[in-house]
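What follows is a short report on a single structure.
Start at 1 and go down the list; that is how both ligands and their atoms are numbered. One is the number of the first residue; the rest follow in order along the sequence. Treat the numbers as computed from the prediction; the structure is a model and nothing was measured.
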Amino acid sequence: MTHLSVNLNKIGLLRNSRGRDYPSMLTMAQRTLDLGAFGITIHPRPDQRHATYRDAYDIKELLKQYPGRELNIEGFPDEKFLEVVLEVEPDQCTLVPDDPNQLTSDHGWNVARDQDALRSVVAKLREKNIRVVLFMDPIPENMALVKAVGADRVELYTEAYANAYHTDRIEQINQQYQAAAQAALDSGLGVNAGHDLDLENVALLCAGKRITEVSIGHALTIEALDSGWDNVVKKYLEILS
Ligand SMILES: CC(=O)[C@@H](O)[C@H](O)COP(=O)(O)O
Ligand SMILES: NCC(=O)COP(=O)(O)O
């Protein structure tokens, strides 16, 4: 079984487009948890274009009603992000090497280059018992360094997998992701995965039984426009069970 953490960024985008609390992030988080999702993910970016720092505090408060479920906060560890995460104390923090002006996340960490800074950030988060995840490209040789800086898990950046899914390269690409996941496991790390996963492609990736958690938001929100939020969340839960 692979845990589903639903990323609510795109609910935040809709909410922010009118400046009112509609759709409500909290209502959607509660609805998603009531459907059985393991967790909620948000990625507050410096411009707060979708998920906001306030959402982090509010969803953490909501999760007190859901023992065993988790909040995962993703983002680049700048001063404000770290201030919020160290105050909110989510169950998990996924560090992503995004520039503020990036359209979306599109690469993993260069841990060899950034190891000193990462080691310091990871230590601060671990002091608060926050599980630390590094967003990584699926390169097996890089996994041991993630462990060396003190992280608990990697999140495999799955855009390349999603792009290959409907091509004749998918078997080779999936094998690369499975090898990266195995290398992470062999290094004593847990394995998460995310970015551009959807109802069609998620099953093959998780069939290898190496992935503890997937975080899915963009495709899930779009699929919900066709089939309804509840139906889509239930479909993911069925696939991942
Ligand atoms: C890190 C990652 O791949 C996604 O979780 C990210 O949160 C997507 O961000 P946007 O929703 O801003 O595209
Ligand atoms: N870490 C991946 C995530 O939270 C959601 O990514 P996406 O499904 O919005 O592409």
Under 4.0 Å from a heavy atom of [X]: give me the atoms of ligand 2 that qualify, with their elements.
| X | answer |
| --- | --- |
| Ile216 | 8 (O) |
| His195 | 2 (C), 6 (O), 10 (O) |
| Gly194 | 2 (C) |
| Thr41 | 4 (O) |

Specify the protein heavy atom at minimum distance from [atom]: its residue, its atom name, and the distance to 0.1 Å.
| atom | result |
| --- | --- |
| atom 13 (O) of ligand 1 | Thr104 OG1, 2.6 Å |
| atom 9 (O) of ligand 1 | Arg45 NH2, 2.9 Å |
| atom 3 (O) of ligand 1 | His195 ND1, 2.5 Å |
| atom 1 (N) of ligand 2 | Glu155 OE2, 2.5 Å |
| atom 10 (O) of ligand 2 | Asp196 N, 2.8 Å |
| atom 9 (O) of ligand 2 | His218 N, 2.8 Å |
| atom 4 (O) of ligand 2 | Asn7 ND2, 2.8 Å |
| atom 8 (O) of ligand 2 | Gly217 N, 2.8 Å |
| atom 4 (C) of ligand 1 | Glu74 OE1, 3.5 Å |

Contact check, side chains of [X] and [Y], non-hydrogen atoms, under 4.5 Å:
| X | Y | value |
| --- | --- | --- |
| Leu82 | Val121 | yes |
| Pro140 | Gln182 | no |
| Arg15 | Asp55 | yes |
| Thr52 | Arg45 | no |

Quiz item: At what distance, to the nearest 0.5 angstrom, does CG of Leu4 lie from CZ of Phe38?
Solution: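 Result: 10.5 Å between the selected atoms.
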Exercise. Report the distance from atom CG of Leu205 to atom CZ of Arg210, rounding to the nearest 0.5 Å.
Key: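 Answer rounded to 0.5 Å: 10.5 Å.
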Practice problem: Please determine if Arg49 has a nitrogen or oxygen closer than 3.5 Å to a nitrogen or oxygen of ligand 1. | Solution: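 No - when backbone and side-chain N and O of Arg49 are compared with those of ligand 1, no distance drops under 3.5 Å.
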Quiz item: Where's the contact between Glu74 and ligand 2, heavy-atom distance under 4.0 Å: side chain, backbone, both or neither?
Solution: side chain
Exercise. Counting heavy atoms only, name the option from His107, His50, His43 that's nearest to atom 12 (O) of ligand 1.
Key: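 Considering heavy atoms of His107, His50, His43, the nearest to atom 12 (O) of ligand 1 sits in His50.
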Any ion pair linking [Y] and [X] (charged N to carboxylate O, less than 4.0 Å)?
| X | Y | answer |
| --- | --- | --- |
| Asp91 | Arg131 | no |
| Arg31 | Asp34 | no |
| Lys80 | Glu83 | yes |
| Asp47 | Arg49 | yes |
| Asp58 | Arg54 | yes |

Practice problem: Please identify which atoms of ligand 1 are closer than 4.0 Å to at least one heavy atom of Asn7. | Solution: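 Result: 5 (O), 7 (O).
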Quiz item: Any idea which atoms of ligand 1 are less than 4.0 Å away from a heavy-atom of Phe135?
Solution: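 Counting atoms of ligand 1 from 1, those under 4.0 Å from Phe135 are 1 (C), 3 (O).
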Quiz item: If you measure from each non-hydrogen atom of Tyr157 to ligand 1, which part falls under 4.0 Å: side chain, backbone, both or neither?
Solution: neither
Quiz item: Where does Asp98 meet ligand 1, judged by heavy-atom distances below 4.0 Å: at the side chain, the backbone, both, or neither?
Solution: neither
Quiz prompt | Test log, rule side chain to side chain contact (heavy atoms under 4.5 Å, CB included), inputs His43 and Ser105 | solution = CA-CA 10 Å; His43 187 150; Ser105 308; 3.5 Å; yes
Quiz item: When the ring planes of Phe76 and Trp109 are compared, do they come out parallel, tilted or perpendicular, using 30° and 60° as the limits?
Solution: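 The arrangement is parallel - the two ring planes meet at less than 30°.
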Quiz prompt | Any Lys10 heavy atom less than 4.0 Å to ligand 1 | solution =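 Flag set, Lys10 near ligand 1.
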